[in-house]
A.B. asks: 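Quick one: this structure, given as structure tokens, is what I'll be asking you about.
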Protein chains: 2
Amino acid sequence: MEKLGIIGGLGPMATAFFLEKIVGMTEAARDQEHVNAVVYHAPAVPDRTSFILNPQAADPLPALVEAAKCLEQAGVSAIAIPCVTAHYFRESIGEAVSIPVMNAVAFSTEVLKARQICRVGIMATDGTLASGLFQKELESHGMTAVFPDAAMQKNVMSLIYDYVKAGKEPELRLYEEVSDALQAEGAEAVLLACTELSVIAARNTLPGRWLDVLDVLAMHCVERFARLKEGIADSLLHG
Amino acid sequence: MEKLGIIGGLGPMATAFFLEKIVGMTEAARDQEHVNAVVYHAPAVPDRTSFILNPQAADPLPALVEAAKCLEQAGVSAIAIPCVTAHYFRESIGEAVSIPVMNAVAFSTEVLKARQICRVGIMATDGTLASGLFQKELESHGMTAVFPDAAMQKNVMSLIYDYVKAGKEPELRLYEEVSDALQAEGAEAVLLACTELSVIAARNTLPGRWLDVLDVLAMHCVERFARLKEGIADSLLHG
């Protein structure tokens, strides 16, 4: 029985929603038709952004590799990480195991490209922005990443850390301001490029046009490990 | 780092909600304060009720034991199973590993007893009813289990198999009829003793007075592996 491996807990609520998305996107009339998976839910992994911005901070890589090895041991045949910032470590994790580690950054870029979106507003952690992950991927496809300015980026980080990770209901005004600013800079759609923002999207109605990286990753997992419901691919881009 | 083990996928959506409940019940200001866990999400496990009612059917025990052993190998220190029917196999699973397998049946009984509820309406699968799990546990505490009659039990099984496991929105009328009938039989509260019913409870407003086994199990997991939010214990009994 082929099994999906998930390195979760980064953050914890995003992982619960990721599993919910996978189940919800699966065409199944009974339990036995669903994706089999092992979730290594490890919120104890040191903060990714802290390390990317300051290499003196605790390094999350050893814990991520430990998670990947445990999943490999459990017999999974591919690993998904429902945390965009952790994609900074994706290649290093992949070198430690002999199974593929899915690339949510590439998957999201493909979806946007297929919808002929050229300028993409990126809402992500400071760590993801500093890593240049999306910038490189989008540029390699002739697309442009549009980032929030410093003040707006503070809104994004506040939504992620002060609200979702702290277990508080987010102030949607903070999101709207960033979304409006990115659109004003010519972004044709906003990419929710942090799975904590996916938690906000799952619980609220967001303005503007947006794509959620967590949806894209979940879709790929279902396509590979079960049967995808009809219409999912067409419903990914909102607004 | 102490880790919780979860045998999940029975059913799949209940497991996603179970993880969501654990995260939501945890008092935490950042990722690192959350429960660490490994979820062995195995919807492929043969149907529990089918086997309990007909021992010629595929036996789920080997797959459940395999899951438990994999979790033990991954270093978890206790196992929770967010599937009530699977509690029929709880002792056998426990014999195959050297870590405790939590007892959601006993936990739920304790909660009801503390609230001085004597007559408990049970909504569960045919398998759970046939196993006598709740009947024995409640009676050993001087309480009484009240079961739906045959027609009402068909409603319960339909909600579980034709709606939740089949990925369909449930007809709440089916639930209301059972809830009313159990109350008419003197039930002071209804126990949602199948985690598929917890999925309905998470998405709808249910009538009557009820307790969800999944909530109780999640609370115990948080108490043991992290810090429980204030007020959770007092909010378990609804209506």
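To find a chain, count down the sequence lines: A is the first, B the second, and so on, and within it residues start at 1.
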A.B. asks: So what's closer than 4.5 Å to chain A heavy atoms on Ala28(B): side chain, backbone, both or neither?
C.D. replies: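 For Ala28(B), the contact with chain A is made by the backbone alone.
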A.B. asks: For Phe51(A) and Ala57(A), work out which heavy atoms get closest and say how close.
C.D. replies: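 Heavy atoms only, the tightest pair is CD1-O, 3.4 Å.
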A.B. asks: Give me each pair satisfying salt bridge (Lys or Arg N to Asp or Glu O under 4.0 Å) with a member in residues 73-86 of chain B, each pair once, sequence neighbours excluded.
C.D. replies: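 Listed once each, the pairs would be none.
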A.B. asks: Under a 4.5 Å heavy-atom cut-off, does chain A meet the side chain of Val164(B), its backbone, both or neither?
C.D. replies: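 For Val164(B), neither part sits under 4.5 Å from chain A.
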A.B. asks: Heavy-atom cut-off 4.5 Å, strictly under: side chain, backbone, both or neither for Phe18(B) against chain A?
C.D. replies: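 The answer is neither part of Phe18(B).
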A.B. asks: Compare every heavy atom of Pro82(B) with every heavy atom of Ala80(B), then report the nearest pair and how far apart it is.
C.D. replies: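 Looking at all heavy atoms of both residues, the closest pair is O-CD, 3.6 Å.
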A.B. asks: Of all the heavy-atom pairs spanning Ile160(A) and Cys194(A), show the shortest one and how long it is.
C.D. replies: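 Closest approach of Ile160(A) to Cys194(A), heavy atoms only: CD1-SG, 3.5 Å.
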A.B. asks: Checking Met1(B) against chain A: side chain, backbone, both or neither under 4.5 Å from a heavy atom?
C.D. replies: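 Contact with chain A involves the side chain of Met1(B) alone.
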A.B. asks: Using distance alone, with no hydrogens and no angle check, list the donor-acceptor pairs under 3.5 Å between chain A and chain B.
C.D. replies:
{"unit_1": "Asp31(A)", "atom_1": "OD1", "unit_2": "Lys165(B)", "atom_2": "NZ", "d": "3.3"}
{"unit_1": "Asp31(A)", "atom_1": "OD2", "unit_2": "Arg48(B)", "atom_2": "NH2", "d": "3.1"}
{"unit_1": "Asp31(A)", "atom_1": "OD2", "unit_2": "Lys165(B)", "atom_2": "NZ", "d": "2.8"}
{"unit_1": "Gln32(A)", "atom_1": "NE2", "unit_2": "Val45(B)", "atom_2": "O", "d": "2.9"}
{"unit_1": "Asn36(A)", "atom_1": "OD1", "unit_2": "Ala44(B)", "atom_2": "N", "d": "3.2"}
{"unit_1": "Ala37(A)", "atom_1": "N", "unit_2": "His41(B)", "atom_2": "O", "d": "2.9"}
{"unit_1": "Ala37(A)", "atom_1": "O", "unit_2": "His41(B)", "atom_2": "N", "d": "2.7"}
{"unit_1": "Val39(A)", "atom_1": "N", "unit_2": "Val39(B)", "atom_2": "O", "d": "2.7"}
{"unit_1": "Val39(A)", "atom_1": "O", "unit_2": "Val39(B)", "atom_2": "N", "d": "2.7"}
{"unit_1": "His41(A)", "atom_1": "N", "unit_2": "Ala37(B)", "atom_2": "O", "d": "2.7"}
{"unit_1": "His41(A)", "atom_1": "O", "unit_2": "Ala37(B)", "atom_2": "N", "d": "2.9"}
{"unit_1": "Ala44(A)", "atom_1": "N", "unit_2": "Asn36(B)", "atom_2": "OD1", "d": "3.2"}
{"unit_1": "Val45(A)", "atom_1": "O", "unit_2": "Gln32(B)", "atom_2": "NE2", "d": "2.9"}
{"unit_1": "Arg48(A)", "atom_1": "NH2", "unit_2": "Asp31(B)", "atom_2": "OD2", "d": "3.1"}
{"unit_1": "Lys165(A)", "atom_1": "NZ", "unit_2": "Asp31(B)", "atom_2": "OD1", "d": "3.3"}
{"unit_1": "Lys165(A)", "atom_1": "NZ", "unit_2": "Asp31(B)", "atom_2": "OD2", "d": "2.8"}

A.B. asks: Between chain B and each of Pro43(A), Gly9(A), Ala16(A), Gly75(A), count heavy-atom pairs under 4.5 Å; write down the option with the most.
C.D. replies: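 The option with the most such pairs is Pro43(A).
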A.B. asks: So, for Ala14(A) and Leu214(A), which heavy atoms are closest and what is the spacing to 0.1 Å?
C.D. replies: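 So the minimum-distance heavy-atom pair works out to O-CD2, 3.8 Å.
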A.B. asks: Looking at every heavy atom in both Ala37(B) and Ile6(B), which two are closest together, and how far apart are they?
C.D. replies: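 Distance-wise, the nearest heavy atoms are CB-CD1, 4.5 Å.
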A.B. asks: Applying side-chain contact (heavy atoms from CB on, under 4.5 Å), run through Val213(A) and Phe134(A) and close with a yes or a no.
C.D. replies: CA-CA 11 Å; Val213(A) 169; Phe134(A) 279 96; 4.3 Å; yes
A.B. asks: What closest approach, in Å, do Val156(A) and Pro148(A) show between heavy atoms, and which atom pair accounts for it?
C.D. replies: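 What the structure gives for the nearest pair is CG2-CG, 4.4 Å.
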A.B. asks: If you apply the rule side-chain contact (heavy atoms from CB on, under 4.5 Å), what do you find for Ile81(A) with Leu217(A), and how did you get there?
C.D. replies: CA-CA 9 Å; Ile81(A) 311 179; Leu217(A) 185 59; 5.8 Å; no
A.B. asks: Picking from Ala42(B), Ala29(B), Gly24(B), which has the most non-hydrogen pairs under 4.5 angstrom with chain A?
C.D. replies: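 Looking at each of Ala42(B), Ala29(B), Gly24(B) in turn, Ala29(B) comes out on top.
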A.B. asks: Between Leu71(B), Leu19(B), Leu4(B), Val38(B), who has the most heavy-atom pairs with chain A when the cutoff is under 4.5 Å?
C.D. replies: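 Ranked by heavy-atom pairs under 4.5 Å with chain A, first place is Leu19(B).
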